[in-house]
Each structure stands twice: as C-alpha cells, then as structure tokens.
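Let me begin by presenting the structure, written as structure tokens, before commenting on it.
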Amino acid sequence: MHLLSRYELFDPEMKFLFDNFTPSIVTGVRLPDGSAVSLFGLHPQPPQSWPQLTAMRDAHLITAALQARDAQAPGILAGDFNAVPWERVTRRVMRLGKLLDPRVGRGLYSTYHAHSIFLSWPLDQVLYQDKFALLEFKRLPAFGSDLYAILVTLCHLPAAASRQSAPHWKMGMFGRPKHRLKLPASSSPQATDAEGKLLSVAGYGLTPLRYLPFM
C-alpha cells in the first residue's frame with residue numbers, strides 16, 4: 001500500500017489491525033491554510049470462504065469508522081473496501097463514522113472489474129465527514145489494471161456541516177432521509193463552480209437504485 005501526498009503528512013502510521021499482512025494507513029494531513037484533516041487508507045481482505053465470510057473485512061472497516069468518529073480532525077476513509085456502497089457493512093460504517101457517500105444521486109461508478117462490461121461493482125470508496133464539500137467525483141479511464149481509479153476532489157469547509165448530515169447511528173437499513181447541500185458562491189470561492197451548481201448530495205437507502213442520478 002502506498003500513499004503519495006503533495007501536502008504535509010503528520011503522525012503517519014501503517015497499522016496492522018487484525019493480522020500481519022493487511023495494512024491500513026492512518027495519518028493527519030496539513031492543508032495549505034494550516035488546518036488539519038484525518039485520512040484513513042484502507043484495503044481489507046475480500047470476503048473469505050466459510051466459516052468467516054466477511055468478518056475480517058467488516059472488522060477493518062468498522063474499526064476505521066470508529067477511529068474517524070473519535071478523531072479530533074474531520075476524517076476521510078478511502079480505498080478498495082471490497083464492499084459495495086449499499087452493502088450492510090458500508091451503511092454501518094457511514095452511520096458509525098458520520099460519513100457521507102459521494103455516489104448517492106450521481107451513479108454507481110463501478111470500479112471492478114475493468115475488463116468486464118456486464119459484471120462490475122463499485123468496490124472503491126471515498127467517504128468523508130460533513131465538514132467537507134464535494135467538488136468533483138469521477139471514474140478515470142482504464143490504465144491496464146483490473147480496477148478503475150476514481151478521482152474525488154473535496155474542499156475542507158466546516159460551514160458545510162450545517163447544510164448536510166451523515167446518517168444517524170441509530171438509523172436502520174430502511175431509513176431514507178435525503179439531504180442536499182447547495183453552497184452559494186459567496187460562501188467559499190473554492191466550494192462552488194462558476195455557476196454555483198449543487199456540490200454535494202447525500203442520501204441513504206437500501207438498494208443500488210438510490211445511486212442513480214435521477215433517484
């Protein structure tokens with residue numbers, strides 16, 4: 001696992017939470033204005049054979065979500081989760097870590113398998129807390145891997161927390177509140193495009209249909 005950054009990293013750690021061969025990266029990132037954010041880089045093992053189909057993967061994701069919740073700086077969880085956004089564990093991670101999913105309302109943006117048209121899933125995730133505003137989310141062209149890369153551009157904007165919210169930790173799988181965030185151009189020149197378009201949509205539902213742009 002590699003992490004490359006143009007910004008200063010402080011207190012970086014490579015953690016092995018449950019075994020000796022599945023690393024997680026936990027680090028602080030110093031932004032140009034001096035503020036700090038927390039970054040959790042994850043790549044848990046895919047579901048294994050019987051009897052523990054998803055236990056190790058779920059434990060990694062939930063542990064990272066709890067660490068993000070308890071961190072002093074607003075957090076981002078990113079990586080190949082080996083779990084789709086509508087899977088139970090991903091929804092639980094969002095609730096526990098107070099995280100938003102940029103895919104909701106935009107599309108599935110499948111990342112695996114890059115060589116298959118019909119069988120592909122969105123396994124790579126970037127989840128962020130409500131003090132970030134989303135500027136851009138897109139899937140990048142194929143580059144020879146069996147996975148597509150995704151590009152997510154976030155703006156650290158604490159005022160965004162008053163206009164959007166992550167799913168409540170008590171919310172069940174059938175909860176479906178939907179929150180929209182529209183930031184006027186005057187609120188932050190970094191947070192909107194020239195037309196002041198909608199920057200972030202966060203919603204929570206049960207099925208992949210919630211990830212389609214028209215839902």
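Closest non-hydrogen pair, Ala83 versus Gln125, comes out as O-NE2, 2.9 Å. Gly41 and Met1 make their closest contact through O-SD, 3.8 Å (heavy atoms, listed as atom of the first residue, atom of the second, distance). Across all non-hydrogen atoms, the minimal contact from Ala114 to Ser145 is CB-O, 3.6 Å.
A distance-only check finds no donor-acceptor pair linking the side chain of Glu136 to the backbone of Val152 [under 3.5 Å]. Put simply, the side chain of Ser24 never gets that close to the backbone of Leu42: no donor and acceptor are under 3.5 Å apart. Within the 3.5 Å criterion, the main-chain N or O of Tyr109 finds a donor-acceptor partner in the side chain of Arg103. Judged by distance alone, with hydrogens and angles left aside, the side-chain atoms of Thr22 form no donor-acceptor pair with the main-chain N or O of Asp19 at under 3.5 Å. Arg139 places no side-chain N or O within 3.5 Å of a backbone atom of Ala149 that could act as its donor or acceptor partner. Of the possible polar contacts, one joining the Arg91 side chain to the Pro85 backbone as a donor-acceptor pair under 3.5 Å is found. With Thr90 contributing its side chain and Val84 its backbone, the two residues share a donor-acceptor pair below 3.5 Å.
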Show every donor-acceptor pair shorter than 3.5 Å between a side-chain atom in residues 4-17 and any protein atom, with sequence neighbours excluded, or say none if there are none.
residue: Ser5; atom: OG; partner: Tyr7; partner atom: N; Å: 3.0
residue: Ser5; atom: OG; partner: Tyr7; partner atom: O; Å: 2.8

Return all side-chain donor-acceptor pairs below 3.5 angstrom for residues 56-76, not counting sequence neighbours, or 'none' if the list is empty.
residue: Arg57; atom: NH1; partner: Asn82; partner atom: O; Å: 3.0
residue: Arg57; atom: NH1; partner: Glu87; partner atom: OE2; Å: 2.9
residue: Arg57; atom: NH2; partner: Glu87; partner atom: OE2; Å: 2.8
residue: Asp58; atom: OD2; partner: Thr54; partner atom: OG1; Å: 3.0
residue: His60; atom: ND1; partner: Met56; partner atom: O; Å: 3.0
residue: Thr63; atom: OG1; partner: Ala59; partner atom: O; Å: 2.7

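At least one side-chain heavy atom of Asp130 sits less than 4.5 Å from a side-chain heavy atom of Leu100. The closest side-chain heavy-atom distance from Leu39 to Ile25 is not below 4.5 Å. For the pair Pro122/Trp86, a side-chain contact is recorded, criterion being any heavy-atom separation below 4.5 Å from C-beta on. Side-chain contact between Phe81 and His43: absent, with no pair of heavy atoms (C-beta onward) separated by less than 4.5 Å. You'll find the side chain of Leu31 reaches within 4.5 Å of the side chain of Val37, heavy atoms only.
Within 6.0 Å of CG in Asn20 there are 12 or fewer heavy atoms belonging to other residues, nucleotides or ligands.
Tested against Thr111, the residues Leu140, Asp146, Asp124, Asp80 include a single side-chain contact (heavy atoms from CB on, under 4.5 Å) partner, Asp124.
Of the inter-residue distances, the one linking Ser35 atom OG with Leu157 atom CG reads 10.5 Å to the nearest 0.5 angstrom.
At a threshold of 4.5 Å between side-chain heavy atoms, the hydrophobic network of Ile, Leu, Val, Met, Phe, Trp and Tyr places Tyr148 and Tyr112 in two separate groups.
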